[in-house]
Amino acid sequence: MSLSRFLSSIAAGILLTFSCASITGGEMAVHTYYIHPEVPGRTLDTKMSDYLKKHLQNRTEATILDKAGTEVTVHIGPDVGGDYAFEHTPSGYYLAAKDERTFTWLAYQFIKMAGKQDKGIITDDLPPLLLSGRDTLVTFPFEYRDLYMPTNQNPDMTYLLALHNLEMDWGIWGHNLSRVLGSNGDLSFGYQNMDQEILARTGGLTHANQFCFSSNKLFDLTAQFIQDQYGSGEETPYRMTIGPNDNSIVCMCRRCEAAGNKPGNAMPAVLRFVERLAARFPNHTFFIPGYSTTSAIPDHPLPYNAGVFLSAIDYPRTMEDTPATTAFFQLLSDWQKVTDNVYIWDYVNNFDDYLSPYPVLYVMQKRFQEYRKRGVKGIFLNGSGYFYSNQQEMYSFVLANLLLDPDADIRHMVEEYYRDAMPHIGSFYMSYLMGLEDRARRSGSELPLYGGMDEAVKTYLNERDFREFYYVFLRASEMEMTHRERVLYEKTRQFVSFSFLEMCRLNGLKPGGFAEQVGNEWVVKPEVWAAVEDLKMMTDEDDVYLLTDNENTSMDHMDRVNESGVYVADYENEVELWLSGQMWMQDHLLRQPLRVHAGEQLFSTHYLTDGVAGISQNYHWGWQIYPQTDCYIELPPEAVSGKTGEMTISFLNSERHRMAPPSSVEIWADDRLLVTLRREGLGSYFDEGERVIFKGTVGFGRPSRVTVRLKESHARNFGIDEIFFR
């Protein structure tokens, strides 16, 4: 997980808006450079040549600027003919870019190249080198390139990586219209208090969490906000995303219905709203999210300054072409018939697990190549946002370079990154991660967008290879490392310990599980307890910047497991309680095969009797999901025959995922009802929030058939972790 070391290296001080601290140690630079504007006195040429001189000099102890040195001519302007030009001249180099932002990236690419030639120039913090060293004139394949990861939350890094940034480049973005207009009467939170007139209506009901896009007041407030905050766009044009809140509600008031709205389709009213804004602000560009209730293709061309932000959520993350792939590209083609401004909103993380490896590089390269071929203008990569994710630095740098050159050599870039960022243990990281990338590329399996450890091992994470990596990784703690490597190593140790624990929990009491049999008892393995302790590692606050390159990153952002914001510490606490509680001891059902009936479906499972308790905050963590319809569980009668004891069953209570506990639990022996556990029953029902426990004493005779019947509640599914009978 090379993530943090790289940025840690950047954190050493080489950012763009402020000068680096003096470089100390290492070799002395031997080359010198004469850097000057192409046209003396031309403002931008002079400004950016001074910029290059300053930041090149700051990376070496030697005096590197000399009029007798290699000549570097600098030019900035739209006459370059592309995004940038790099040329050899009789006396040196010619560097040109269309604007300051692009030249900033080019300047650091040149510095990186200079550092390759001269070890006295310190460049190990910089991204992999894309410049080939040959004369070239390049137009980037995408006009907009954005990556929602911690690295790109720092504007300095945005420029260094030739990226864009939602916070810098958009006026209104995502589902943020409610924020600029206010929220449920909270004047302190928004621009204008919301009222009934601007809210969606369906069947006589007003919805405070959705808008009526036929409302003139909504239009006037939005236009006023844009004018006040961003102006007319003549001096600085902005992009704006205008769309409904992220839910399925569609306004069906008289005016919206007349515009063409139908249940599930808000596009007609939203499109009319956007067209009015586009006419009102001809210098800004307005995008409609191609997603959910605004996914329908308009029946006429959009204005020149309007477009679509098309979600690629239904484009499978695999190297194989599938029918879903064909359907997505047909959708893209249909949108391009009504607008030239098609941006793609794509995804580069497993949003239910930011900690485990996620080999997405080759998959994304293939997608970028397809987008380029099909004329997509912009790409936004939705990653872990402000939350720290596995290898986010390395993935940020490589993905940023692939957005500039979709044909770049991934293995070379990853090798370059680790060689610079982790001089002592980088090759070990690189070897394992590239192995994962190669496996994901060859397997043809789809990477899970919201998945758990079970899906990871089915698609790309070979269990034997991971365990080998894990044990070697733990021994690497004795190796020599730089301070930044050590910080990264410790954070990575926390992350891989999470993956190791989930792999052990997935295996339960099978080989590779969390416990081993000692005599007649199952005892937690020492390495499992060690992994729990490693989960408790906290990154020192002074080192947080080394992991993200972002001074504004708080400790909160360093220790989250997933998109929902679950803390590593909360996961660790529940795991520790489960292991310490040892509920599997004296469990008569332990390792017994069960059969679960749900409607017409029959499931055979050992997961409800493997001793593994579910972790309450994620349905992937030890929960088995079954439909609620006519759901009952068959217990092996020989396991309970003649016994009296306490039966415990836990259920996941997650409204978001449409899971809820049953209204009651009935335990039957043959045709006789033995016990009913009800929600209102004292001592039999325990509500812990996301976990609900039914518990009761039951005595069995000598039945030939035993069933546990789960009475339906208001949700679609049951999430069950374990049935204990002790």
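Every heavy atom of this structure was used, including side-chain atoms; hydrogens, water molecules and symmetry mates were not. In this chain, residues are counted from 1 in sequence order.
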Donor-acceptor pair, side chain of [X] and main chain of [Y], under 3.5 angstrom:
| X | Y | answer |
| --- | --- | --- |
| Gln592 | Thr609 | no |
| Asn152 | Met149 | no |
| Thr318 | Gly444 | yes |
| Asn350 | Gly451 | yes |
| Asn401 | Leu130 | no |
| Asp465 | Leu461 | no |
| Glu437 | Leu361 | yes |
| Gln494 | Leu535 | yes |
| Trp584 | Trp522 | yes |
| Glu521 | Val518 | no |

Ring pair (Phe, Tyr, Trp, His ring centres under 6.0 Å) partner of Phe514, the single match among Phe500, Trp529, Trp578
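Result: among Phe500, Trp529, Trp578, Trp578 is the only option passing the ring pair (Phe, Tyr, Trp, His ring centres under 6.0 Å) with Phe514.
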Just do the salt bridge (Lys or Arg N to Asp or Glu O under 4.0 Å) check on Arg505 and Glu502 with the steps written out, would you?
CA-CA 5 Å; Arg505 282 166 44 80; Glu502 276 304 292; 2.9 Å; yes
The test is side chain to side chain donor-acceptor pair (under 3.5 Å); show your working for Thr151 and Gln392 and say whether it passes.
CA-CA 7 Å; Thr151 296; Gln392 74 88 29; 3.0 Å; yes
Short N-O contact, Arg317 and Asp346, less than 4.0 angstrom:
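Judged by the 4.0 Å cut-off on N to carboxylate O distance, Arg317 and Asp346 do form a salt bridge.
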Does this structure show an ion pair linking Lys536 with Glu576, if we count only N-O contacts that are shorter than 4.0 Å?
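Between Glu576 and Lys536 there is a salt bridge, with a charged N closer than 4.0 Å to a carboxylate O.
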Passes side chain to side chain contact (heavy atoms under 4.5 Å, CB included), Leu147 versus Leu161? Steps please.
CA-CA 10 Å; Leu147 176 60; Leu161 296 173; 5.8 Å; no
Heavy-atom distance under 4.5 Å between the side chains of [X] and [Y], does that happen here?
| X | Y | result |
| --- | --- | --- |
| Val575 | Glu572 | no |
| Tyr159 | Trp105 | no |
| Met453 | Ser356 | yes |
| Tyr460 | Pro448 | yes |
| His657 | Asn717 | no |

Measure up the Phe380 and Trp345 rings against each other and bin them: parallel (under 30°), tilted (30 to 60°), perpendicular (over 60°).
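Rings of Phe380 and Trp345: tilted, as their planes differ by 30° to 60°.
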What's the shortest heavy-atom distance between [X] and [Y], and which atoms?
| X | Y | answer |
| --- | --- | --- |
| Tyr354 | Asn562 | CE1-C, 3.4 Å |
| Asp146 | Tyr144 | OD2-OH, 2.6 Å |
| Gly115 | Thr123 | CA-CG2, 3.9 Å |
| Asn507 | Gly512 | ND2-O, 3.2 Å |

Go through it in stages, so that I can follow the logic: the residues are Lys119 and Asp124, the test is salt bridge (Lys or Arg N to Asp or Glu O under 4.0 Å), and I'd like the CA-CA distance, side-chain angles, deciding distance and then a yes or no.
CA-CA 10 Å; Lys119 298 304 181 184; Asp124 62 353; over 6 Å; no
Just checking, is any N or O donor in the side chain of [X] or [Y] under 3.5 Å from an acceptor N or O on the other one?
| X | Y | result |
| --- | --- | --- |
| Asp352 | His620 | yes |
| Tyr347 | Ser311 | yes |
| Gln109 | Lys112 | no |

Begin with the C-alpha distance, continue with both residues' side-chain angles, and end with the deciding distance and a verdict on side chain to side chain contact (heavy atoms under 4.5 Å, CB included) for Arg411 and Tyr362.
CA-CA 10 Å; Arg411 179 173 291 274; Tyr362 284 115; 4.3 Å; yes
Test log, rule salt bridge (Lys or Arg N to Asp or Glu O under 4.0 Å), inputs Arg467 and Glu463:
CA-CA 6 Å; Arg467 288 176 183 274; Glu463 187 170 341; 3.2 Å; yes
How far apart are the C-alpha atoms of Tyr567 and Gln617, what are their side-chain angles, what is the distance that settles it, and do they pass the side chain to side chain contact (heavy atoms under 4.5 Å, CB included) test?
CA-CA 10 Å; Tyr567 285 96; Gln617 301 181 78; over 6 Å; no
Can you confirm whether more than 12 heavy atoms, excluding those of [X], are under 6.0 Å from its [atom1] atom?
| X | atom1 | answer |
| --- | --- | --- |
| Glu646 | CD | yes |
| Gln517 | CD | yes |
| Glu167 | CD | yes |

Take Tyr418 and Phe428 through the ring-ring contact (aromatic ring centres under 6.0 Å, His included) test and state the conclusion after the steps.
CA-CA 9 Å; Tyr418 282 112; Phe428 174 59; over 10 Å; no
Roughly how far, to the nearest 0.5 Å, is the CZ atom of Phe686 from the CZ atom of Phe694?
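Going from the CZ atom of Phe694 to the CZ atom of Phe686 covers 11.0 Å.
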Please round to the nearest 0.5 Å and tell me the distance separating atom OG of Ser443 and atom CD of Glu446.
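One finds 10.5 Å between OG of Ser443 and CD of Glu446.
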Determine, step by step, whether Lys116 and Glu416 satisfy the salt bridge (Lys or Arg N to Asp or Glu O under 4.0 Å) criterion, reporting the C-alpha distance in whole Å, the side-chain angles of both residues, the deciding distance to 0.1 Å, and the verdict.
CA-CA 11 Å; Lys116 293 284 184 183; Glu416 287 282 293; 2.3 Å; yes
Please assess Phe495 against Tyr388 for the test ring-ring contact (aromatic ring centres under 6.0 Å, His included), listing each intermediate value before the final yes or no.
CA-CA 10 Å; Phe495 277 32; Tyr388 190 70; 5.7 Å; yes
Yes or no on side chain to side chain contact (heavy atoms under 4.5 Å, CB included) for Tyr395 and Leu381, after CA distance, side-chain angles and deciding distance?
CA-CA 11 Å; Tyr395 280 101; Leu381 300 178; over 6 Å; no
Show me the donor-acceptor pairs, under 3.5 Å and distance only, between side chains in residues 718-726 and residues at least two apart or in other chains.
from   : atom 1 : to     : atom 2 : distance (Å)
Asp721 : OD2    : Gly614 : N      : 2.8
Asp721 : OD2    : Arg691 : NH1    : 3.2
Glu722 : OE2    : Asp610 : N      : 2.9
Glu722 : OE2    : Gly611 : N      : 2.4
Arg726 : NE     : Met585 : O      : 3.1

